[in-house]
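A short worksheet on the structure shown next.
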Amino acid sequence: MFRIGQEEIDACRRVIESKNLFKINGGVQEVHMFEEELKAKVGTDYAICMTSGKAALISALIGMGIGPGDEVIVPAYTYIATAIAVTAVGAIPVIAEIDETLTLDPDDVEKKISKHTKAIIPVHIQGFPCNLDKLTAIAKKHGLYLLEDACQSDGGKYHGKYLGTIGDAGAYSFNYFKVITAGEGGALVTNNRPIFERGLIYHDSSAIAYFGNQLETVESEQFCGTEFRVSEFTGAILREQLKKLDSIIDDLHKNRAYLKDKLSGRFNFIKSNDFDGDCATTLALWFDTADEAIAYQKHIGGGTRPIETGKHVYSNWTPIMQKHGAFHPAFDPFKMEANQGLNMNYAPDMCPKCLEYLSRAVYIGVDPNMNETQLDDFAKFLLK
């Protein structure tokens, strides 16, 4: 969370005073307005606000018709929710390597494609864009869906286009740790009408047909889904947060550039697929060896952090690595007959490049609210 204050307080007051706390109402309709403003901002035809980025990934996969018998390629370095979203629809996550940008390696993706593959999920981890030129070409070549996990990259761009809008669909997250936040929340964006309609039905199937006119223009047949609906408070807060997105990103870029200039000559930096377009939440340092990275962190102490954050590295995805895809075995994709023979040959050392690259990297978090004096002090601290 970077910036939140009186505007969000006033937005919540507006909801309370309206007495229209439910999403479907005859008042301002904060969630609907946020969806309209989000799609206008990022340039997609459709947007659905829901409870989380994971909910958006699941809804998109449902919209793509993915399920038992299908494989979906995910990177070895991402939050566990990316892989769990695949198991949630009954499919099998196939884990692929990352490259030196710490994002999904297109070459390994192509090696992992089989006759069962239906989608690729590139993850713009820490706001670092994946190589979407290569991944888009691979997806088109093999007739696969491309679902962008942009949950850590609200406001980031790739060659001028917003991350999340380049593939067949994209997922954003607005939880407490993201660029803009309502504490929790997420959104599915797409230009694909069938993905939108099925995602709309799935994300709120118990209310979609019974409140308002939400199915008025929907041609897809109804089916049973779940309930990822949010309240008007979420919509109201996110409307105010969206107004702040550009200034947050601009100040992140300004402050990261300042720190990078101060640290240049002392450190190497991890290369980016679009350094000017990414979210600039992070300055990533690159060391020759894992021992050097560890030694630097021990020397500096606070202000830096290792890549290893538990569930962001595939080897720590306990339920995936142990193939516990659901509590009831009949719903467990790893036990489903349709999935037998699919690529679920997981092992802790299956992606050695991922483990090596992450061991040599150190993150410096960027604060958009620091002034020049604070940045100078922080740079001196990092250079001590």
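Everything quoted here is computed from the prediction, not taken from an experiment. As a basis for the values below, the full set of heavy atoms in this structure was taken, side chains included, without hydrogen atoms, waters or symmetry mates.
Note on F287: it clusters hydrophobically with I300, by side-chain heavy-atom contacts below 4.5 Å among ILVMFWY residues. Transitive grouping of hydrophobic side chains (ILVMFWY, heavy atoms separated by less than 4.5 Å) brings M50 and I66 into a common cluster. Residue F22 is not grouped with residue L200 when hydrophobic side chains (ILVMFWY) are merged at heavy-atom distances under 4.5 angstrom, including chains of intermediate members. M64 and I120 fall into different hydrophobic clusters, where Ile, Leu, Val, Met, Phe, Trp and Tyr are joined by side-chain heavy atoms under 4.5 Å apart, directly or via other members. Residues Y210 and V31 fall into different hydrophobic clusters, defined by Ile, Leu, Val, Met, Phe, Trp and Tyr side chains chained together at heavy-atom separations under 4.5 Å.
Side-chain contact check for I201 versus S220: some heavy-atom pair is nearer than 4.5 Å. Proximity of N345 to N343: side-chain heavy atoms (C-beta onward) are separated by under 4.5 Å at one or more points. For the pair L259/L375, a side-chain contact is recorded, criterion being any heavy-atom separation below 4.5 Å from C-beta on. Using a 4.5 Å heavy-atom cutoff, the side chains of H299 and K384 are in contact. Between V230 and C49, the closest side-chain pair of non-hydrogen atoms falls below 4.5 Å. Residues K254 and Y258 fail the side-chain proximity criterion, which asks for heavy atoms closer than 4.5 Å. With a 4.5 Å cut-off on side-chain heavy atoms, T281 and V179 count as touching. Residues M321 and P348 form a side-chain contact, since some pair of their non-hydrogen atoms from C-beta on lies under 4.5 Å apart.
A donor-acceptor pair shorter than 3.5 Å cannot be found between the side chains of Y158 and D278. N192 and T190 form no side-chain donor-acceptor contact under 3.5 Å, judged by distance and modelled atom types alone. For the residue pair E232 / N25, a side-chain donor-acceptor distance below 3.5 Å is found, with atom types taken as modelled.
In terms of heavy atoms, L104 sits closest to I121 at CD2-O, 4.0 Å. For T87 against G325, the heavy-atom pair with the smallest separation is OG1-O, 4.3 Å.
Ionic pairing of K141 and E110 is present here: one or more N-O contacts between side-chain nitrogen and carboxylate oxygen are shorter than 4.0 angstrom. In summary, K244 and E8 engage in a salt bridge, as defined by a charged side-chain N under 4.0 Å from a carboxylate O. Ion pairing between K39 and E36 holds under the 4.0 Å rule for side-chain N and carboxylate O. Using a cut-off of 4.0 Å between Lys/Arg side-chain N and Asp/Glu carboxylate O, D251 and R3 are scored as salt-bridged. A salt bridge links D108 with K112: the closest approach of a Lys/Arg side-chain nitrogen to an acidic carboxylate oxygen falls below 4.0 angstrom. Look at R193 and D45 and you find no salt bridge, because none of the NZ, NE, NH1 or NH2 atoms lies under 4.0 Å from a carboxylate O. Salt-bridge formation is not detected for the pair E37/K41: no Lys NZ or Arg NE/NH1/NH2 atom is positioned less than 4.0 Å from an Asp or Glu carboxylate oxygen. Taking the charged nitrogens against the carboxylate oxygens, E30 and K23 have no contact shorter than 4.0 Å, which rules out a salt bridge. With salt bridges taken as basic N to acidic carboxylate O contacts below 4.0 Å, one links E240 and K243. Electrostatic pairing of K54 and D149 does not count as a salt bridge here, judged by no charged N lying under 4.0 Å from a carboxylate O. Between D274 and K157, no side-chain nitrogen of the basic residue sits less than 4.0 Å from a carboxylate oxygen of the acidic one, so the salt-bridge criterion is not met.
No donor-acceptor distance shorter than 3.5 angstrom exists from the side chain of D204 to the backbone of E227, with no hydrogens or angles considered. Put simply, the side chain of H124 never gets that close to the backbone of D154: no donor and acceptor are under 3.5 Å apart. No side-chain donor-acceptor contact under 3.5 Å links H142 to the backbone of L144. N339 places a side-chain N or O within 3.5 Å of a backbone atom of P333 that can act as its donor or acceptor partner. Proximity of a side-chain donor or acceptor of T282 to a complementary backbone N or O of G365 within less than 3.5 Å is not detected. Remark: side-chain polar atoms of S59 are not paired, donor with acceptor, to backbone N or O of A56 under 3.5 angstrom. Judged by distance alone, with hydrogens and angles left aside, the side-chain atoms of E148 form a donor-acceptor pair with the main-chain N or O of G164 at under 3.5 Å.
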Open item on the list: If you apply the rule side-chain contact (heavy atoms from CB on, under 4.5 Å), what do you find for F267 with L283, and how did you get there?
Closed with: CA-CA 11 Å; F267 297 104; L283 186 60; over 6 Å; no

- [ ] May I have the step-by-step check of side-chain hydrogen bond (donor to acceptor under 3.5 Å, both in side chains) for T101 and D99, ending in yes or no?
- [x] CA-CA 5 Å; T101 67; D99 59 24; 2.5 Å; yes

Open item on the list: Before you tell me yes or no, could you show the steps for S114 and E71 under side-chain hydrogen bond (donor to acceptor under 3.5 Å, both in side chains), namely the whole-Å CA-CA distance, both residues' side-chain angles and the distance that decides it to 0.1 Å?
Closed with: CA-CA 8 Å; S114 76; E71 295 175 349; 2.7 Å; yes

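In this structure, CG in L163 is found 11.5 Å from SG in C151, a value given to the nearest 0.5 Å.
Here the two rings, on Y314 and Y77, have centers that are 6.0 Å apart or farther. Between W286 and Y357, the gap from one ring centroid to the other is short of 6.0 Å. Checked against the 6.0 Å centroid threshold, Y172 and Y162 do not count as a close aromatic pair.
Under the side chain to side chain contact (heavy atoms under 4.5 Å, CB included) rule, H312 has a single partner from V123, I125, T78, which is I125.
Classification of the F378-F381 ring pair by plane angle, with boundaries at 30° and 60°, yields parallel. Using a 30° and 60° split on the angle between ring planes, F196 and Y46 fall in the parallel class, below 30°.
Cation-pi check for R256 over F275 is met; the charged atom lies under 6.0 angstrom from the ring centroid and within 45 degrees of its normal.
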